[in-house]
Amino acid sequence: MRLVSSTKLLELQKKTSQIRNICIVAHVDHGKTTLADSLISSNGIISQRLSGKLRYMDSRPDEQERGITMKSSSIALYHALEGEEHLVNLIDSPGHIDFSSEVSTAVRLCDGAIVVVDVVEGVCPQTRLVLKQAYSENMKAVLVFNKIDRLIVEMKMTALDAYVHIAQLLEQVNAVMGELFASEVLENEETLIDKQQQKPNPKEDNNFYDWTSALEDSDDSNLYFSPEQGNVVFASAIDGWGFTVHTFAKLFSDKLGVKEELLTKVLWGDFYLNPKTKRFMKGAQEKAKKPLFVQLVLDNLWNIYETIVLRNDKDKVPSMCEKLGIKLTTRDLRHTDSRVQLQSLMMQWLPLSNTVLDMVCRKLPSPKEILPEKVEKLMCSRIRDFESYSDETKELKKDFLACDSSNDRPVIVFISKMFSIDKSMLPSNKPKALTPEEMALRRERARQMRDALKHSEKSEPIPVKTEELVENDKEKHATDEQEKEDGDDTAFIAFARIFSGRIKKGDKLYVLGPKHDPSQVLMNKEFNIDPNKKLKDLQSDEHITCAEIKSLYVLMGRELEDLEEAVAGNVIGIGGLEDHILKTATLSSTVACPSFSEIQYAAVPILRVAIEPTYPSQLPQLVKGLKLLNQSDSCVQVLLQESGEHVLVTAGEVHLQRCLEDLKNLYAKIPITVSEPIVPFRETIVEPPKVDMANEEIDSQNIDKGNATDIDPVITVYTNNKQSKIRIRAKPLPNVITALLEKSADLLKAISQYIKTLQGLNNNDKIENKLEDLHINGKHHLSDRMLKLIEAFKTELQNISSKLGPDWKDVVNQIWSVGPRNCGPNLLLNQTTDYKTKFLHHEDIIKEDPRFEYEGSFVSGFQLASLSGPLCEEPMMGVAFCVEEWTLEKPEEDSSHTFGPLSGQIMSTVKDGCRKAFQVQPQRLMAAMYSCDIVVDQKVLGELHPLIVTYIIIITFFKLFKTIIILMVLNLFKGKVIVTMVAVMIWY
């Protein structure tokens, strides 16, 4: 039975300073969902005895079957601490690498995180990943060392050995945090140096230079996890207990006659109690003394486990409970399962839920304590400078920091994902409790029916219907007809957080797409928004729609509760936005609000299958189901090939199975046929071989060269109307330049977007007006930060190309575009003598040229060619296309009626030319390979090696640590995924 009513939760939602938005993150099977069950049981939603067994937050059947979490879900919990009431919005997130996108969407909505670490398995790859995600979002984290019971029952460690093991594990976690901190500081050090150089040097020393490292000036006092600071919990979620150092300091302060604050400081660390002087001394390890933490804490835990679990000594349980001040029921004392007795005892002595929620309320910030650095990260991407926004947009930073729900504050809401729910689970469709008047009316109807049955002895009984019954039947019939017309019993709810203002049912807000730029909208005085437009009606340059808030919900795990209005600082669900949002969006009452920065996903979709309906007549249902699946999953991609084949791309094998089940059972509801899974390839070219398969030089062989015909690597193509001539040559890109392009993908994408803005012109305008209106020869459109990043990229590329020979010496000045998708590892180089481009050179002056009008079409042709190569329609990688000539002759008469627009002809011609230039070179397919860690016990090492050699792998690192073997392998996928801990994807 729930201990707190919904009315109480709604009251707490209005107290922003008492709200905590947190998520639980960890490696898979480290105990996140079990911990969440313990916290939920504190509100009476589930029984404490079912914690870890019910898995309340895992509402999907496949989650229950596999025992892993596949989607992030939220629940609102009540907690009272020191007379103050708090509302904790708890989000449970997956730990499997296939569903790391769900972690990213959860982290974006939270202010704090609970990092769970299994003390036996230690810091795993996903642990490092979630720590990085939390740190990148400027979240404050607390640490929970879980499964300490395994050290006693399974590992058979002594209390002292366990203390050393936990201390080493704490150092490993802090080492990860220190590495993240140092890398961020060193990345920002260049900016700090620039600021120092701007300061005037002292007059007395002209050679003054500050050699102080940025790491020395940075404050990391609140970065690390430390038990004495109260941000570390030692727990066993499955047994329902947990404690901090402060918990035992409170228990032993009176017995030892020591102040609680002093005992908290010395209870963890290299301190021991001198029995003679009754003082706490440092140097327990040096003097071979037992540390205080072992003496006062771990020894007591070990005694309880040894007595109840290992020896099963039931006679000592009553006396043990009496000393601890605990009362067990007669049923628990007589229970045959010793583990149940242990759980009953420990849940009363050291309740896990109270310990963790106390730490959350004390150590994690409220929405009002959001950091200015986090606000700027949310408002602009990594390559955009906050100062580049207009004054109206920069003023919104104050609204973020205030987190105020006043009516005069602008509404700012971020939606991290859309999730589906059966319409029968909506509060409006659930049966409601009857009022006394309705119950009296039903009793009257039942009495009338009984009387009618008694008086109808000879004829068939005819039920008597009152006017209300007839009216209800009509309403029910109309509802059934409406449901049949809809034909869809799936509703979409937006997973959102309010950062400013308040929203109510019926409010109309702007839906800002991920590509929305407030600067362009505010500069356009004639900008209008059609309130009737939906997402599918928008043009390529439109990113704003207007939507009405139809419903608001409090997220309660498996259930939803209706909400009339919601205020700043809360995590809520919003209904009725499925026609306006695909995956993520920003809601605001002003168009000056920028769209939130893009969520950084740790995993990318790489495993693909082809899908078709078992019965071809059901193709429309499949198309509709794929659209719904694409909207409900933030990490899935749905592609339609040129051949008409539907392709589903997922993050891994488990993710693929979940998507296929959802497609068959929830969205399409038809039988489907699925191909064998494959991983993507990359198409590339290499230098012509110099030796044959016998390792002999080809040039020195006696070959009749008179009959040989050399293929010209330069391809000459013409448009259909012969007005444009293009000469293209393809050559392989050096690996160092390819790596630099991949590393700088965000910067290159921003540059390409800026170039598109300059070229987004109407065909009816004259070229002179276009250049004048857009100020294309100016550079004030780019921020200082952007210009510095471009200069750094140019410098690094110039240093690399200068070492590669004369062919690449001038590559910086020749870059025309990168692809595919304007950020890929392929280059389009302009080697013409009479046409200039300005990809990296914004200060260059562009002269009037008729070809400028068709430059966008030229680049689009290159983008299409690099996105789909000629070998197997896979993206290209490491290819440079050199344009050696481009001529354009425009006759007076218009021939577009015969061959189509010249822009379209140029696009298709460039695409065909690039593909032909690619084909005359030696072609190769690059296979996807994965890097992962395999950790096994020494006992099963003999079984591991025969399994490994059956696959194509490369062992790059092998090391033996006592009983643990660590192998670093590169695994080539052949249709199926055999590893689950994916770290890095590379191409060979």
Side-chain angles (χ1 to χ4, degrees), residues 100-101 104 129 132-133 136 183-184 187 377 380-385 514-515 517 583-584 595-606 634-635 637 649 651 680-684 732-757 782-783 785-801 811-812 814-829 839-840 842 859-860 862-869 874-881 926 928-931 982-988:
S100 59
S101 61
S104 302
L129 182 60
K132 182 178 180 180
Q133 288 177 311
S136 63
S183 61
E184 183 188 41
E187 285 179 4
K377 280 188 177 181
C380 54
S381 61
R382 292 180 294 176
I383 60 174
R384 178 156 190 172
D385 193 357
K515 295 183 179 180
D517 187 354
K583 293 180 183 288
T584 65
S595 60
F596 278 47
S597 59
E598 185 179 358
I599 298 177
Q600 299 297 321
Y601 296 113
V604 294
I606 45 88
S634 57
C635 196
Q637 290 181 3
V649 192
F681 293 92
R682 292 291 182 268
E683 301 184 20
T684 190
L733 205 59
N735 292 334
V736 285
I737 296 182
T738 303
L740 177 61
L741 294 176
E742 289 183 320
K743 183 180 71 173
S744 309
D746 291 341
L747 175 64
L748 297 174
K749 194 171 185 178
I751 297 174
S752 300
Q753 187 65 32
Y754 174 69
I755 297 296
K756 281 185 177 181
T757 303
L782 293 176
S783 64
R785 182 180 181 185
M786 182 81 166
L787 292 173
K788 288 180 181 179
L789 292 174
I790 293 175
E791 288 300 322
F793 174 79
K794 288 165 59 176
T795 303
E796 186 174 359
L797 181 59
Q798 185 63 48
N799 294 335
I800 293 174
S801 58
V811 67
V812 176
Q814 296 175 356
I815 293 181
W816 193 346
S817 181
V818 294
R821 298 186 179 91
N822 300 304
C823 60
N826 303 285
L827 287 179
L828 178 66
L829 302 179
F839 186 76
L840 294 178
H842 303 276
V859 172
S860 297
F862 159 72
Q863 297 291 340
L864 292 174
S866 59
L867 181 62
S868 179
E874 293 284 354
M876 297 181 186
M877 183 174 184
V879 183
F881 293 99
M926 305 175 73
M929 307 188 75
Y930 279 77
S931 172
V982 179
V984 181
M985 181 173 71
I986 56 177
W987 299 93
Y988 278 89

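Here, residue 1 is the first one in the sequence, and each next residue gets the next number.
Here the shortest heavy-atom pairing between Q600 and Q133 reads O-NE2, 4.5 Å. Contact between F793 and L741 at its shortest, heavy atoms only, is CZ-CD2, 4.1 Å. Across every non-hydrogen atom of M876 and R682, the tightest pair is O-CD, 4.4 Å. The two residues T684 and M877 have their closest heavy-atom pair at OG1-O, 2.8 Å. Here the closest non-hydrogen pair linking V811 and S801 is CG1-CB, 3.5 Å. Pairing each heavy atom of P825 with each of T738, the nearest pair is CB-CG2, 3.7 Å.
Of the inter-residue distances, the one linking E683 atom CD with S868 atom OG reads 7.0 Å to the nearest 0.5 angstrom. To the nearest 0.5 Å, the span separating SG on C635 from CD1 on I599 amounts to 11.5 Å. Remark: L867 CG to E874 CD distance equals 9.5 Å, nearest 0.5 Å. D746 CG to L789 CG: the interatomic distance, rounded to the nearest 0.5 Å, is 10.5 Å. Note that CG of L828 is 10.5 Å distant from CD of Q814, once rounded to the nearest 0.5 Å.
Looking at residues two or more places apart in sequence or on another chain, you find no salt bridge (Lys or Arg N to Asp or Glu O under 4.0 Å) involving K583. Considering only residues two or more places apart in sequence or on other chains, K743 meets the salt bridge (Lys or Arg N to Asp or Glu O under 4.0 Å) condition with E796.
Here K788 does not pair with E791 in a salt bridge; the nearest charged N to carboxylate O distance is not below 4.0 Å.
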Practice task
Give the intermediate values and the outcome of salt bridge (Lys or Arg N to Asp or Glu O under 4.0 Å) for residues E184 and K377.
Solution key: CA-CA 14 Å; E184 183 188 41; K377 280 188 177 181; 3.6 Å; yes
Practice task
Quick one: do V879 and L733 satisfy side-chain contact (heavy atoms from CB on, under 4.5 Å)? Show the steps, please.
Solution key: CA-CA 5 Å; V879 183; L733 205 59; 6.0 Å; no
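Residues S817 and Q863 meet the side-chain proximity criterion, which asks for heavy atoms closer than 4.5 Å.
Side-chain atoms of N826 come within 3.5 Å of backbone N or O of G878 as a donor-acceptor pair.
Counting heavy atoms of neighbouring residues, nucleotides and ligands inside a 6.0 Å radius, atom CG of N735 does not exceed 12 of them.
Between I815 and the options L829, I751, L748, a side chain to side chain contact (heavy atoms under 4.5 Å, CB included) holds for only L829.
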